Q: 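Questions regarding the structure given below will be posed in turn.
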Amino acid sequence: MRLGIVASHDSAGPQLEGLAAAAAARGWACRCFLTGSAGRLAPSPRLGELARSGAIRLDVCEHSWSHFGGGPAPEGANMGTQFQNAELARECDRLLVLPGAR
């Protein structure tokens with residue numbers, strides 16, 4: 001199973017972390033894309049640990065990252081564009097979108 005998770009709001013952090021960890025525990029390939037205010041989730045210790053271990057791939061929209069804080073990319077996170085979002089949608093068997101609160 002290849003699971004894709006797209007988060008667009010920083011309030012989706014707990015759900016994103018839990019789903020990514022559960023997918024990794026099941027041995028599923030998991031790819032996450034953070035856009036909008038969800039870019040603020042990139043420094044999450046839990047997501048970083050999963051990404052650094054290779055359990056998930058963590059891509060962050062570079063525009064969102066710079067708009068909502070910026071700085072050096074967190075270790076384990078790949079800065080990219082909406083192309084990585086489209087690539088995730090094409091490559092994954094299932095796709096979850098976590099819009100979060102407005």
Side-chain angles (χ1 to χ4, degrees):
M1 168 70 78
R2 292 171 299 187
L3 178 65
I5 306 172
V6 176
S8 62
H9 195 275
D10 56 356
S11 66
Q15 293 83 8
L16 173 63
E17 291 173 349
L19 288 165
R26 286 171 176 74
W28 295 353
C30 183
R31 190 166 171 180
C32 302
F33 185 79
L34 308 180
T35 189
S37 66
R40 293 179 180 141
L41 301 173
S44 158
R46 192 167 185 198
L47 291 177
E49 179 182 326
L50 290 166
R52 287 187 305 277
S53 73
I56 67 168
R57 176 174 166 174
L58 180 62
D59 294 319
V60 182
C61 174
E62 190 170 16
H63 175 76
S64 297
W65 176 250
S66 64
H67 182 75
F68 288 101
E75 188 179 347
N78 306 300
M79 292 295 145
T81 66
Q82 290 297 321
F83 176 80
Q84 280 70 36
N85 189 7
E87 190 177 59
L88 174 151
R90 184 186 71 235
E91 292 178 358
C92 292
D93 299 312
R94 296 287 184 264
L95 177 61
L96 296 172
V97 179
L98 306 174
R102 294 203 187 260

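Just so it is clear, the structure is predicted and the values come from calculations on it, not from any experiment.
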Q: Between Leu19 and Leu34, is there shared hydrophobic-cluster membership here, with clusters defined by ILVMFWY side-chain heavy atoms closer than 4.5 Å?
A: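 Leu19 and Leu34: one cluster.
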Q: Around Glu49, counting heavy atoms of other residues, nucleotides and ligands shown, do more than 12 lie under 6.0 Å from its CD?
A: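 It does not: Glu49 CD has 12 such atoms or fewer within range.
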Q: Do Leu41 and Leu98 belong to the same hydrophobic cluster, where Ile, Leu, Val, Met, Phe, Trp and Tyr are linked whenever their side-chain heavy atoms lie under 4.5 Å apart, directly or via other members?
A: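 In one cluster with Leu41: Leu98, yes.
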Q: Measure the spacing between CZ of Arg31 and CG of Asn85 and express it to the nearest 0.5 Å.
A: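 Output value for this atom pair is 9.0 Å.
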Q: With a 4.5 Å heavy-atom cut-off, do Met79 and Ser64 have their side chains touching?
A: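 The answer is no, as the side chains (C-beta and beyond) never meet within the 4.5 Å cut-off.
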Q: Closer than 3.5 angstrom, by distance alone: can the side chain of Arg94 be matched with the main-chain N or O of Met1 as a donor-acceptor pair?
A: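 Absent.
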Q: Please confirm whether the backbone N or O of Gly71 pairs with a side-chain atom of Trp65, one donor and one acceptor, at under 3.5 Å?
A: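 Indeed, once roles are kept as given, a pair shorter than 3.5 Å links the two residues.
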Q: Which distance, rounded to the nearest 0.5 Å, do you find between the CD of Glu62 and the CG of Asn78?
A: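 Output value for this atom pair is 11.5 Å.
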Q: My understanding is that only residues two or more places apart in sequence, or in another chain, count here; which of them pass side-chain contact (heavy atoms from CB on, under 4.5 Å) with Thr81?
A: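 Expected list: Phe83, Gln84.
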Q: What's the spacing between Leu58 CG and Leu47 CG if we round to 0.5 Å?
A: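 Interatomic distance, Leu58 CG to Leu47 CG, rounded to 0.5 Å: 6.0 Å.
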Q: Consider only side-chain heavy atoms of I, L, V, M, F, W and Y, link residues closer than 4.5 Å, and tell whether Leu88 and Trp28 are in one cluster.
A: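 In one cluster: no.
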Q: State, yes or no, whether a side-chain contact exists between Ser37 and His9 at a heavy-atom distance under 4.5 Å.
A: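 Yes, side chains in contact.
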Q: Between atom CZ of Arg57 and atom SG of Cys30, what is the distance when rounded to the nearest 0.5 Å?
A: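 Nearest 0.5 Å value for the CZ-SG distance: 12.0 Å.
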Q: Within a 6.0 Å radius of atom CZ on Arg90, are there more than 12 heavy atoms belonging to other residues, nucleotides or ligands?
A: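 Yes - once you tally the heavy atoms of other residues, nucleotides and ligands closer than 6.0 Å, there are more than 12.
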Q: Quick one: pull up CG in Asp10 and CG in Leu16 and give me the separation to the nearest 0.5 Å.
A: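 It comes to 11.5 Å.
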Q: Atom CZ of Arg40 and atom NE2 of His67: how far apart are they, to the nearest 0.5 Å?
A: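 Spacing of CZ (Arg40) from NE2 (His67) equals 8.0 Å.
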Q: Are Phe68 and Val6 connected in a single hydrophobic cluster, I mean Ile/Leu/Val/Met/Phe/Trp/Tyr linked by side-chain heavy atoms less than 4.5 Å apart?
A: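 Each belongs to a different hydrophobic cluster.
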